[in-house]
Amino acid sequence: MPVHDVHVAVIYYSSTGTVAELARLIADAAEHAGADVRLRRAAELAPQTAIDANPAWAANAAATADIMEAAHEDVLWADAVIFGTPTRFGNVTSQLKQYLDSLGGLWQQGRLADKVYSGFTASATKHGGQESTLLALYHTVHHFGGILVTPGYTDPAKFTDGNPYGTSHVGGPDTPLDDDARTAARIQAERVVKFTKAIKHGLAHAS
């Protein structure tokens with residue numbers, strides 16, 4: 001098979017930039033692992049007045065304005081989709097959830113099944129709902145008929161960051177990503193690409 005034999009879409013929402021940075025790291029790692037990658041952001045739902053009232057939020061909006069908004073075609077194109085979201089009361093943000101909800105027609109047609117899915121997150125506080133956010137996100141994957149690929153404890157580094165459900169980081173605009181989060185992002189991306197290649201290749205032979 002050719003080197004870039006799988007398509008990976010990294011679709012995220014980020015307000016103040018932490019998840020956006022994780023998304024870029026995961027996208028770069030997936031590309032380095034041999035995937036064609038699309039980096040996409042979920043559309044903003046918050047009013048401009050709320051964004052302007054938070055300097056970090058406004059700065060991230062400006063810094064990521066050149067990243068295309070996620071469309072249905074991005075999921076259809078992808079063999080694997082890695083979703084990113086901050087925690088909101090231990091759950092997925094409304095912005096990413098809106099995008100997921102808009103996929104109902106494709107789900108009904110069975111066009112979201114048999115793809116690989118994974119997720120990553122961040123929170124401002126320790127134990128701020130990171131694991132419950134990823135588990136809530138994965139409920140949708142089960143309804144899609146997707147194949148969930150999480151990092152688990154498959155690498156010694158995972159015993160340092162301690163989240164088997166996906167990459168996560170505690171912090172905000174004033175707390176840059178640490179080496180643990182960067183390593184976790186690479187491990188997750190590489191694992192997603194590895195199993196997406198295996199599944200795609202296996203299904204092609206099975207059919």
Side-chain angles (χ1 to χ4, degrees), residues 1-13 19 22-42 68 70-85 92 96-97 99-122 130-131 133-155 157-158 161 163-168 181-207:
M1 298 181 74
V3 175
H4 289 81
D5 53 2
V6 295
H7 297 161
V8 175
V10 180
I11 298 175
Y12 75 94
Y13 173 74
V19 173
L22 281 173
R24 284 190 289 268
L25 287 172
I26 288 173
D28 288 346
E31 187 171 35
H32 186 74
D36 284 330
V37 179
R38 289 185 183 180
L39 179 62
R40 299 289 188 265
R41 58 183 175 87
M68 294 177 62
H72 290 181
E73 198 275 333
D74 297 313
V75 172
L76 293 175
W77 168 86
D79 301 303
V81 184
I82 308 176
F83 290 115
T85 175
V92 178
L96 184 63
K97 187 62 165 59
Y99 176 75
L100 294 172
D101 288 348
S102 76
L103 299 174
L106 299 179
W107 160 78
Q108 193 171 37
Q109 297 167 26
R111 302 178 73 185
L112 305 179
D114 301 336
K115 298 175 183 289
V116 167
Y117 295 90
S118 200
F120 59 99
T121 190
Q130 294 180 347
E131 292 183 355
T133 295
L134 291 174
L135 290 171
L137 172 65
Y138 295 156
H139 291 168
T140 302
V141 173
H142 295 311
H143 282 259
F144 285 173
I147 302 162
L148 187 58
V149 174
T150 61
Y153 292 106
T154 58
D155 187 284
K158 291 302 298 177
D161 75 75
N163 191 340
Y165 304 103
T167 300
S168 60
R182 293 176 180 276
T183 300
R186 176 185 57 77
I187 291 169
Q188 184 170 7
E190 290 175 350
R191 185 168 165 81
V192 166
V193 172
K194 173 184 176 180
F195 281 95
T196 303
K197 287 183 177 183
I199 291 166
K200 185 175 182 180
H201 186 58
L203 286 175
H205 275 67
S207 60

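- Taking 4.5 Å as the limit, some side-chain heavy atom of Phe120 sits within range of a side-chain heavy atom of Val10.
- Distance check, rounded to the nearest 0.5 Å: CD1 of Ile11 to OG1 of Thr85 gives 12.5 Å.
- Taken to the nearest 0.5 Å, the CD1 atom of Ile187 stands 6.5 Å off from the OG1 atom of Thr154.
- Among all heavy-atom pairs drawn from Ala35 and Val193, the shortest one is CB-CG2, 4.0 Å.
- Using a 4.5 Å heavy-atom cutoff, the side chains of Thr150 and Tyr138 are in contact.
- Atoms CZ and CE, on Arg38 and Met68 in that order, are 7.5 Å from each other to the nearest 0.5 Å.
- Between atom NE2 of residue His142 and atom CG of residue Leu137 there is a gap of 10.0 Å, rounded to the nearest 0.5 Å.
- Contact check for Asp5 versus Lys200: no side-chain heavy atoms found under the 4.5 Å cut-off.
- Smallest separation of non-hydrogen atoms from Ile26 and Ala189: O-CB, 3.5 Å.
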Please assess Tyr12 against Leu39 for the test side-chain contact (heavy atoms from CB on, under 4.5 Å), listing each intermediate value before the final yes or no. CA-CA 8 Å; Tyr12 75 94; Leu39 179 62; 4.0 Å; yes

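- Of the inter-residue distances, the one linking Glu73 atom CD with Arg40 atom CZ reads 8.0 Å to the nearest 0.5 angstrom.
- Taking each heavy atom of Pro164 and Tyr153 in turn, the nearest pair found is CD-OH, 3.4 Å.
- In this structure, Arg182 places its CZ atom where more than 12 heavy-atom neighbours from other residues, nucleotides or ligands lie under 6.0 Å away.
- Val92 is not listed as a side-chain neighbour of Tyr13, based on a closest heavy-atom distance of 4.5 Å or more.
- Looking only at side-chain heavy atoms (C-beta outward), Leu103 and His72 come within less than 4.5 Å of each other.
- For Gln109, the CD atom counts as densely surrounded, since its 6.0 Å shell holds more than 12 non-hydrogen atoms of other residues, nucleotides or ligands.
- In this structure, the side chains of Val75 and Tyr99 come closer than 4.5 Å at one or more pairs of heavy atoms.
- Ring geometry, His7 versus Trp77: the interplanar angle falls under 30°, so the pair is classed parallel (tilted spans 30 to 60°).
- A pairwise comparison of heavy atoms in Thr196 and Ala80 identifies OG1-CB, 3.3 Å as the closest pair.
- Under a cut-off of 6.0 angstrom, the local environment of NZ in Lys158 is crowded, with over 12 non-hydrogen atoms contributed by other residues, nucleotides or ligands.
- The side-chain heavy atoms of Tyr165 and Pro151, taken from C-beta on, include no pair separated by under 4.5 Å.
- Thr167 places none of its side-chain heavy atoms less than 4.5 Å from the side chain of Asp161.
- Asp74 and Ala9 make their closest contact through O-CB, 3.9 Å (heavy atoms, listed as atom of the first residue, atom of the second, distance).
- Contact between Gln188 and Ser118 at its shortest, heavy atoms only, is NE2-OG, 2.7 Å.
- We find the CG-CG distance between Leu134 and Asn163 to be 6.0 Å, quoted to the nearest 0.5 Å.
- Partner of Phe144 under the ring-ring contact (aromatic ring centres under 6.0 Å, His included) criterion, out of Phe83, Tyr117, Trp107: Tyr117 alone.
- For Asp101 and Lys97, the salt-bridge test passes: some basic side-chain N is under 4.0 Å from an acidic carboxylate O.
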